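Note sheet for the following structure.
All values reported here derive from a predicted model rather than from experimental measurement. For reference, positions follow the sequence shown, starting with 1.
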Amino acid sequence: MTTSIAPTAGRAGTRPAPGPRRRPPRQTRLVFLLPAAVFLGALSIYPLITLLRMAFSKVTAATLNSGWEFSGLDNFVAGFESGDTGAAVSRTLVFVVVVTVLGMGLGLGGAIALRTSGRWSGALLALMVFVWALPPVVNGSVWKFLLADTGLVNTVLLGTGLRDTPVPFLYDQHWALMAVAFVNSFAVIPFNALVYRAALLTIEPEVFEAAELDGAGKAQQVRHIMVPSVRGTTLVLLILTLVYGLRSFDFIYVMTYGGPGTATNTLPFLGYLQAFVRYDYGLGAATSVVAVAGVLVLAVLYARSIRNEEKHG
């Protein structure tokens, strides 16, 4: 006579199957989000609201600490009628295009060159991180000396006979904007290269081996394998680089201070001059609002691209 014993959940050495993980209640999540919301409101939202109020008001050094008289669109109209804001918009667009093209193109090229691991690629990656981590004031000061009339760049050009006179990189209205834009792009290239390299390292080595067996050269591998694989990363980096170029201020302040004349007066720097040099805070705020509007549009596009990446990732 045999007796069957049914298995029980409490038998030694066995554990009940875990149930579905329960999400914390909504009140708990709101409590954890509250500190971040407070800091965001105090350091971002409130200053933006104050900036908007100032842009639509007549605010000078005499009225800064008193009641602000509402002036409607007068500050915006005055900025465009004077020609300062319109010219600054044009310079900003040129500046952003140069920074974006060089930052994205050279960033991808550097990532492709440093895709393989080795002693030299590790040293170059460390150097790139060092360049990217340098404070803009230090980086801009170094480049200001390098591009001076007696700096390293002009010394090499004169010594090799490529030029008879020094190139006025920072003292000519045509050269200055391009020079500062190049320095800004040089500062963003390491970041883009590191992000691109991380994306390229996710490609399986077997893919390149199969491409080589099929007779694909390096250029074909770049075109048909690497570039399509980093398409999502390119979209995110493109928006970040556009924002970086649009809000650039430090390098212009250190290298040219908006000069010569107004050659490097982009929107952020023009707003600074109007508010803190000419003490027309309302006009400076209006110029800054134009720049902030562009940044906000790009920020929305960035958030949407991240959301799409998460859905399709």
CG (Leu146) and OG1 (Thr155) are apart, to the nearest 0.5 Å, by 10.0 Å

Connected via hydrophobic side-chain network under 4.5 Å: Ile189 and Val222
no

Are Val98 and Val96 linked, directly or through intermediate hydrophobic residues, by side-chain heavy-atom contacts shorter than 4.5 Å (ILVMFWY only)? no

Smallest heavy-atom separation, Phe169 atom then Leu157 atom, equals CZ-CD1, 4.4 Å

*asked:* Using ring centroids (six-membered ring only for Trp), state whether Phe186 and Trp143 fall under 6.0 Å.
replied: yes

In this structure, is the centre-to-centre distance between the rings of Phe269 and Tyr257 below 6.0 Å?
yes

Taken to the nearest 0.5 Å, the spacing of Thr241 OG1 from Leu246 CG works out to 12.0 Å

Of all heavy-atom pairs linking Ala176 and Pro260, the shortest is CB-CD, 3.5 Å

#### Entry: Leu298 with Leu237, same ILVMFWY side-chain cluster at under 4.5 Å
yes

Taking every heavy atom of Leu114 against every heavy atom of Arg197, the minimum-distance pair comes out as O-NE, 2.6 Å

With clusters defined by side-chain heavy atoms of hydrophobic residues (ILVMFWY) lying less than 4.5 Å apart, directly or transitively, does Val188 cluster with Phe95? yes

Step-by-step side-chain contact (heavy atoms from CB on, under 4.5 Å) determination, Phe76 to Val290:
CA-CA 9 Å; Phe76 295 92; Val290 176; 4.3 Å; yes

Smallest heavy-atom separation, Met255 atom then Val183 atom, equals CE-CG2, 3.7 Å

>> Angle between ring planes, Tyr281 versus Phe276, binned at 30° and 60°: parallel, tilted or perpendicular?
In response: perpendicular

* **Step-by-step side-chain contact (heavy atoms from CB on, under 4.5 Å) determination, Phe56 to Trp68** => CA-CA 9 Å; Phe56 290 95; Trp68 297 347; over 6 Å; no

Rounded to the nearest 0.5 Å, the CZ atom of Arg247 sits from the OG1 atom of Thr266 at a distance of 12.5 Å

Note to self: Does Arg231 form a side-chain contact (heavy atoms from CB on, under 4.5 Å) with Leu235? I'd like the steps, not just the answer.
What the structure shows: CA-CA 6 Å; Arg231 188 170 297 161; Leu235 177 60; over 6 Å; no

Taken to the nearest 0.5 Å, the spacing of Leu106 CG from Asn192 CG works out to 10.0 Å

Heavy-atom nearest pair, Gly41 first then Pro47, reads O-CD, 4.2 Å

message = Treating Asn184 as the side-chain partner and Val180 as the backbone partner, does any N or O pair qualify as donor plus acceptor under 3.5 Å?
response = yes

* Between Arg91 and Leu177, does a side-chain contact (heavy atoms from CB on, under 4.5 Å) hold up when you go through it step by step? -> CA-CA 8 Å; Arg91 295 188 203 99; Leu177 186 63; 4.2 Å; yes

The reported gap from CE in Met178 to OG in Ser185 (rounded to nearest 0.5 angstrom) is 10.5 Å

Original post:
Would a hydrophobic clustering, with Ile, Leu, Val, Met, Phe, Trp and Tyr connected at side-chain separations under 4.5 Å, put Phe182 with Val94?
Top reply: yes

For this session: Would you confirm whether Thr262, through its side chain, and Gly258, through its main-chain N or O, come within 3.5 Å as a donor-acceptor pair?
Result: no

Quiz prompt | Lys/Arg cation over aromatic Phe208: Arg115, 6.0 Å, 45° cone | solution = yes

In this structure, OG1 of Thr233 is separated from CG of Leu108 (nearest 0.5 Å) by 10.5 Å

Closest non-hydrogen contact found for Ala193 with Ala111 is O-CB, 3.4 Å

